[in-house]
Asker: 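Below you will find the structure I want to go over with you.
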Protein chains: 2
Amino acid sequence: MKNYSRQREEILREIEKLYNHPTAEDIYMIVKGKDPAISRSTVYRNLNVLVEDGKINKISMQAGPDRYDLKRQPHNHIICTKCGKILDFDYNFELDNLKKILKEQTGIEISGEGIALEGICSDCKNLL
Amino acid sequence: MKNYSRQREEILREIEKLYNHPTAEDIYMIVKGKDPAISRSTVYRNLNVLVEDGKINKISMQAGPDRYDLKRQPHNHIICTKCGKILDFDYNFELDNLKKILKEQTGIEISGEGIALEGICSDCKNLL
DNA sequence: TATAAGTTAGGAATGATTCCTAATTTGTAG
DNA sequence: CTACAAATTAGGAATCATTCCTAACTTATA
């Protein structure tokens with residue numbers, strides 16, 4: 001296992017405490033509270049390293065900045081297209097015939113992770 | 001039905017001819033070939049209008065610019081995370097218990113559209 | 001024909017992210 | 001320890017996609 005720099009460790013430790021899909025900016029502000037000298041580019045660069053190392057997930061939004069999530073047990077995300085709220089859900093795609101259909105139609109084998117669905121959440125639906 | 005401006009019509013007509021999920025820039029270059037005075041902001045603005053009017057879909061990518069697609073029959077997209085290729089597939093989420101599970105766990109009712117999956121396509125898999 | 005509403009071209013502004021550079025830290029081999 | 005290489009940093013400039021701004025122009029309306 002590769003050694004992590006102090007800054008990289010700090011970033012990972014803060015993400016471990018968070019359960020609200022923080023943005024890079026969120027993480028930057030939190031880490032900066034403890035390590036005022038840290039720079040934004042260090043946060044961005046290390047977030048990419050942590051994604052590559054499989055420690056965290058990057059969630060690409062249809063609008064606004066990317067969000068990050070510690071890899072705990074496998075789960076998926078569903079995003080409200082009105083308010084942008086992200087909710088977790090667990091659904092074992094392995095068991096589903098979706099995988100088979102995709103393989104047949106496109107030749108792509110999905111991993112079951114990195115999947116984002118979209119919809120309108122109940123809060124927003126009530127406002128319509 | 002609202003009247004569309006000449007530029008808006010031009011943009012929609014070009015998207016009707018394309019089956020390769022063009023970006024706003026792609027569309028801008030094509031329309032500019034026929035109407036050299038058109039501006040980029042006109043293309044962006046009208047793409048948003050066409051999405052709101054339900055004429056086209058916007059596909060948000062995990063990397064790079066958004067892509068657009070005429071709304072023909074309902075279908076979903078799967079994106080290769082290596083090469084960025086976008087493939088269509090049709091899978092009727094209405095028939096699936098995914099919808100039920102999502103409703104139970106998150107309160108969100110998905111529309112069955114605007115869903116993007118990710119994986120690694122067979123071309124890229126061969127290169128690994 | 002006058003007025004209002006909608007739309008445009010062009011470019012400036014914005015927001016998120018990456019890139020660049022010189023300085024600093026860390027790892028390693030003698 | 002010591003010296004050199006490799007990795008990483010802070011800070012800010014640069015980039016990219018997109019939106020915003022404004023004055024001019026079209027189109028609809030009455």
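Every chain is numbered from 1, with letters handed out A, B, ... down the list of sequences. Source: prediction; values computed, not measured.
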Asker: For a quick test of reading the model: is some side-chain N or O of B/R45 closer than 4.0 Å to OP1 or OP2 of C/dT8?
Answerer: yes
Asker: If you apply the rule side-chain contact (heavy atoms from CB on, under 4.5 Å), what do you find for B/I59 with B/Y68, and how did you get there?
Answerer: CA-CA 6 Å; B/I59 316 169; B/Y68 297 87; over 6 Å; no
Asker: Collect all protein-nucleotide pairs involving nucleotides 24-30 of chain D in which both atoms are nitrogen or oxygen and the distance is under 3.5 Å.
Answerer:
unit_1: D/dA28; atom_1: OP1; unit_2: B/N3; atom_2: ND2; d: 3.0

Asker: Looking at C/dT8, I'd like to know if its phosphate oxygens (OP1 or OP2) sit under 4.0 Å from a side-chain N or O belonging to B/S5.
Answerer: yes
Asker: Taking transitive links into account, so neighbours of neighbours count too, which hydrophobic residues share a cluster with A/Y19 at under 4.5 Å side-chain distance?
Answerer: none
Asker: When you look at B/T23 and B/I27, which way does the side-chain contact (heavy atoms from CB on, under 4.5 Å) test go after all the steps?
Answerer: CA-CA 6 Å; B/T23 63; B/I27 296 162; over 6 Å; no
Asker: Considering just the side-chain nitrogens and oxygens of A/R40, establish if one lies under 4.0 Å of OP1 or OP2 belonging to D/dA10.
Answerer: no
Asker: Listed by chain and number, what are the side-chain contact (heavy atoms from CB on, under 4.5 Å) partners of B/L18, not counting sequence neighbours?
Answerer: B/N20, B/P22, B/I30
Asker: Which residues satisfy the salt bridge (charged side-chain N to carboxylate O under 4.0 Å, His left out) test with A/E10, sequence neighbours excluded?
Answerer: A/R6
Asker: Would you give the length of the straight line joining atom CG of B/D53 to atom NZ of B/K71, rounded to the nearest 0.5 angstrom?
Answerer: 10.0 Å
Asker: Examine distances only and state if a side-chain atom of B/N46 and a backbone atom of B/T42 form a donor-acceptor pair shorter than 3.5 Å.
Answerer: yes
Asker: Apply side-chain contact (heavy atoms from CB on, under 4.5 Å) to A/S41 and list each qualifying residue two or more places apart in sequence or on a separate chain.
Answerer: A/S39
Asker: Categorize A/R6 for me: base, sugar-phosphate, or nothing, with a 4.0 angstrom heavy-atom threshold over every strand shown.
Answerer: nothing
Asker: So, for A/V43 and A/I11, which heavy atoms are closest and what is the spacing to 0.1 Å?
Answerer: CA-CD1, 3.8 Å
Asker: At under 4.0 Å, does any side-chain N or O of B/N46 touch on OP1 or OP2 of C/dT7?
Answerer: no
Asker: Could you list the residues that satisfy side-chain contact (heavy atoms from CB on, under 4.5 Å) with B/E9, not counting sequence neighbours?
Answerer: B/Y4, B/R13
Asker: Measure the distance from CZ on B/R8 to P on C/dG6 and round it to the nearest whole Å.
Answerer: 11 Å
Asker: Could you list the cluster mates of B/Y44? Members are the ILVMFWY residues connected by side-chain heavy atoms closer than 4.5 Å, either directly or through other members.
Answerer: none
Asker: Can a side chain N or O of A/S39 be found less than 4.0 Å away from OP1 or OP2 on D/dG11?
Answerer: no
Asker: Between the protein and nucleotides 13-17 of chain D, are there any N/O to N/O pairs under 3.5 Å, and if so, what are the atom names and distances?
Answerer:
none

Asker: Measuring to OP1 and OP2 of C/dT25, would you say a side-chain N or O of A/Q7 lies under 4.0 angstrom away?
Answerer: no
Asker: To the nearest 10 degrees, what angle separates the axes at the start and end of the helix from C/dT1-D/dA30 to C/dG30-D/dC1, five pairs each?
Answerer: 30°
Asker: What pairs of residues pass the salt bridge (Lys or Arg N to Asp or Glu O under 4.0 Å) test when at least one of them lies in residues 36-52 of chain B, not counting sequence neighbours?
Answerer: B/E25-B/R40
Asker: Rounded to the nearest 0.5 Å, how far apart are NZ of B/K55 and CG of B/L47?
Answerer: 14.5 Å
Asker: Counting only side-chain N and O atoms of B/S41, is one of them less than 4.0 Å from OP1 or OP2 of C/dA9?
Answerer: no
Asker: Residues in salt bridge (charged side-chain N to carboxylate O under 4.0 Å, His left out) with B/D66, at least two apart?
Answerer: B/K58
Asker: What residues from residues 9-38 of chain B pass a heavy-atom cutoff of under 4.0 Å to DNA chain C?
Answerer: B/A37, B/I38
